[in-house]
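Note on naming: letters A, B, ... go to the chains in the order of the sequence lines (proteins, then strands), and numbering restarts at 1 for each one. Not measured: the values here are computed from a predicted model. FYI, side chains are in, hydrogens and waters are out, and symmetry mates aren't considered; it's all heavy atoms of this structure.
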There are 2 protein chains.
Amino acid sequence: MTKIKNMEEFAALSGISRPTVSKYFHDPDSVRPTTRARIEEALERFDYRPNIYAINQNRKLTKNIGIVVPYLADPFFAEIARYLEQSCIAAGYRPSLFSSHGEQKLENEILDSLRSLKPAGVLLAPLGRASDQSAIEKFCADVPTVLFDSNLDGMGAAFIGSDNFSFVSQTVEYMTRTGEPPSFFEMRTPANPNANKRRIAYVDVMERLGFEPHIIKIDGTGWAFEEIGRQGARKVLEERSLRTDSVLCSNDRLAIGFLAACYEQGIRVGRKEDCTLRLASNDDHPFAKFTCPSLTTAAHDYDNVAARSVETLFELIESGGKFEKRTETLFPARLVLRESA
Amino acid sequence: MTKIKNMEEFAALSGISRPTVSKYFHDPDSVRPTTRARIEEALERFDYRPNIYAINQNRKLTKNIGIVVPYLADPFFAEIARYLEQSCIAAGYRPSLFSSHGEQKLENEILDSLRSLKPAGVLLAPLGRASDQSAIEKFCADVPTVLFDSNLDGMGAAFIGSDNFSFVSQTVEYMTRTGEPPSFFEMRTPANPNANKRRIAYVDVMERLGFEPHIIKIDGTGWAFEEIGRQGARKVLEERSLRTDSVLCSNDRLAIGFLAACYEQGIRVGRKEDCTLRLASNDDHPFAKFTCPSLTTAAHDYDNVAARSVETLFELIESGGKFEKRTETLFPARLVLRESA
DNA sequence: ATAAAAACTTTACGCGCGTTAAATTTAATG
DNA sequence: CATTAAATTTAACGCGCGTAAAGTTTTTAT
């Protein structure tokens, strides 16, 4: 089988002129069906692919899409990234995946290198508090960007995420309905803006239900939430400073640490008779099913968040990179009842 | 500040000729220090970056490196990918990360799209049994590739991974020394070749120590190991077909499922007096620290596997993409004693 | 059948940079 | 200061493809 060097050669072999072949690769539907058939026939015989670099050099708009998540070692982001990737591919784009690994420096570097990729658009889940706001603002001014998961005021052309109020109200109401109203367990300085919204929602819901909110703030920085949660829970349990027999964690990864601490101290968690503590949480982390006991939690609407994010990005790209006004789309949570509460 | 369009313009502004500027970007040390200083000064003032696509169009060897892992939702691979990424960046390369998400079709597509990226080299952790061997073989013939984590006979220029024998012998010996010799718990048709090596090592070590091996094979396919492990453990526990009070799982993700099943059934796991089962495993998964009880396991030498992988790839690239002969490098495990055994 | 529209071919230029060869400048050496 | 070696400049070509203009063929509509 002959090795094809370039489109010229391939065009000759397929019996179609190069400009038409070029047009075909840009959009197969833009050529006559008979022409298309001939090209695709040749494609089967010769296995030619246009040179990516040459293609993108002259196109104002590449077919690249950048996907940036704050922390890929968190399976939650790995899952959502997977969905985003595949949606992009299905729509004929080339996604590239990046993780900021929790570091501002890295997030900035990624945005920098993304810029030179000249992407058609970017799906960005920012670090949050740790983000370099001005860097992100500048980036969004140059590149059509849709924010997801973690909102930064006014940045990007749109935001798609989960409705933290829905998360917390469902978990709080459930716990209140079936037992004592929960305390709220969170990091003192959370990395993610969702955490702040959840705290506010907790206070709000508790007051609405006529209970006094009780917030437990634990120390620790970084993205090792499980360890932070465990240390914090140990301290709380040892000091016996827990005022309630039910706790709502800000997120599942903290809860995983909390459960580990309980297990260490022989505290049985769950709603069975021999249990002294009920624990619920938010996110429905992929591992929440396998904790001991399994974790009652409010689940993200993964599929909708991901689907709407890419849809929005595609709309943005088609509108030339700008929306009339920034929109924020929030999807409600789904309560997942398991053993822990 | 002026917007710079191309290298011509930037060269003019910096007062250096374009070919020299080009040389600088290829290797800053290849120009005279005074020249370098002038370029870098201009770089500060004007913030210009060469167009990636134009750069790579004419270079036989790009500065791209592909990193492919079988399943990114497994934090183990996310962690190792992070290390690999950063090593590549430090060496002046541009890594791009891909996950096969456990699917052969996707792995093939990744290799295809990687080909058109014309990477200087690729770090590939293949799916294993599910891989399309001939596709990978062809790919490795065209692109300098180093395999890691999961070995495929004769493929790639080198393999770097962990010594499964070291893993299993340490866990088996420890369990034997401190209690009953363990049964071995694994999937009937494991996705990963390491699993086979571990089974063989188990049999080998048991016989060497004078014990009869006992292997429990459970059903299930795919990459949802935790769920497979739980289902399998449930069955074993319900049928009371466990012949020993100690079990060695082929990998941590299965063990996580096993522990969940034990918890459900009220079986206490650990080496304390009230425990009826000891469970150990292999991999030292990022979550192994947070299971209940925490998991005794054999840890990969993450850092060395990752470091050696990139080192080897760089050597490969410098040798022009071919080694005299294929090498296999295996790093021993480190036993991590926790609560489960 | 004829006119108009649509698709295709031919020709040719440009993108931004790699790269090479010859001419020139600068630095290093004795 | 003269001699060499090394670095830089100038000039020019090519990479593979996008794309535009003008001419030709095919399809669709009347």
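For the OP1/OP2 pair of C:dC17 and a distance below 4.0 Å, the side-chain nitrogens and oxygens of B:Ser22 include no atom meeting the criterion.
If you measure from atom CD1 of B:Ile55 to atom C1' of D:dG14, you get 17 Å, rounded to the nearest angstrom. Regarding A:Glu8, its CD atom lies at a distance of 14 Å from the P atom of D:dG14, rounded to whole Å. Distance, A:Tyr24 OH to D:dT19 P: 18 Å, rounded to whole Å. One atom, NZ of B:Lys63, and another, C1' of C:dC17, lie 17 Å apart when rounded to the nearest Å.
Classification of the B:Tyr71-B:Trp223 ring pair by plane angle, with boundaries at 30° and 60°, yields parallel.
Applying the ring-ring contact (aromatic ring centres under 6.0 Å, His included) rule to B:Phe10 yields the partners B:Tyr48; only residues at least two apart in sequence or on another chain are considered. Scanning for side-chain contact (heavy atoms from CB on, under 4.5 Å) contacts around A:Leu152 gives A:Pro126, A:Ser131, A:Gln133, A:Ile136, A:Leu147, A:Met155, with sequence neighbours left out. Scored by the side-chain contact (heavy atoms from CB on, under 4.5 Å) test, B:Lys23 finds B:Ser30, B:Val31 as partners (sequence neighbours excluded). Residues meeting the ring-ring contact (aromatic ring centres under 6.0 Å, His included) test with B:Phe139, sequence neighbours left out: none.
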Distance-only criterion, 3.5 Å: show the donor-acceptor pairs between side-chain atoms of residues 80-94 of chain B and protein atoms not counting sequence neighbours.
| unit_1 | atom_1 | unit_2 | atom_2 | d |
| --- | --- | --- | --- | --- |
| B:Glu85 | OE1 | A:His101 | NE2 | 3.1 |
| B:Ser87 | OG | B:Tyr83 | O | 2.9 |

Inset, instruction - Summarise protein proximity over nucleotides 6-11 of chain C in one line of letters, 5' to 3': B for base, S for sugar-phosphate only, - for none, counting protein heavy atoms closer than 4.0 Å. - result: -SSBBB
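Each side-chain hydrogen bond (donor to acceptor under 3.5 Å, both in side chains) pair with one or both residues in residues 306-316 of chain A, not counting sequence neighbours, would appear here, but there are none. Residue pairs meeting the salt bridge (charged side-chain N to carboxylate O under 4.0 Å, His left out) criterion with at least one member in residues 130-150 of chain B, sequence neighbours excluded: B:Arg115-B:Asp142.
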Between protein and nucleotides 14-16 of chain C, what N or O pairs are separated by less than 3.5 Å?
| unit_1 | atom_1 | unit_2 | atom_2 | d |
| --- | --- | --- | --- | --- |
| C:dG14 | N2 | A:Asn58 | ND2 | 2.3 |
| C:dC15 | O4' | A:Asn58 | OD1 | 3.4 |
| C:dC15 | O2 | A:Gln57 | NE2 | 3.3 |
| C:dC15 | O2 | A:Asn58 | OD1 | 2.7 |
| C:dC15 | O2 | A:Asn58 | ND2 | 3.0 |
| C:dG16 | O4' | A:Gln57 | NE2 | 3.4 |
| C:dG16 | N3 | A:Gln57 | NE2 | 3.0 |

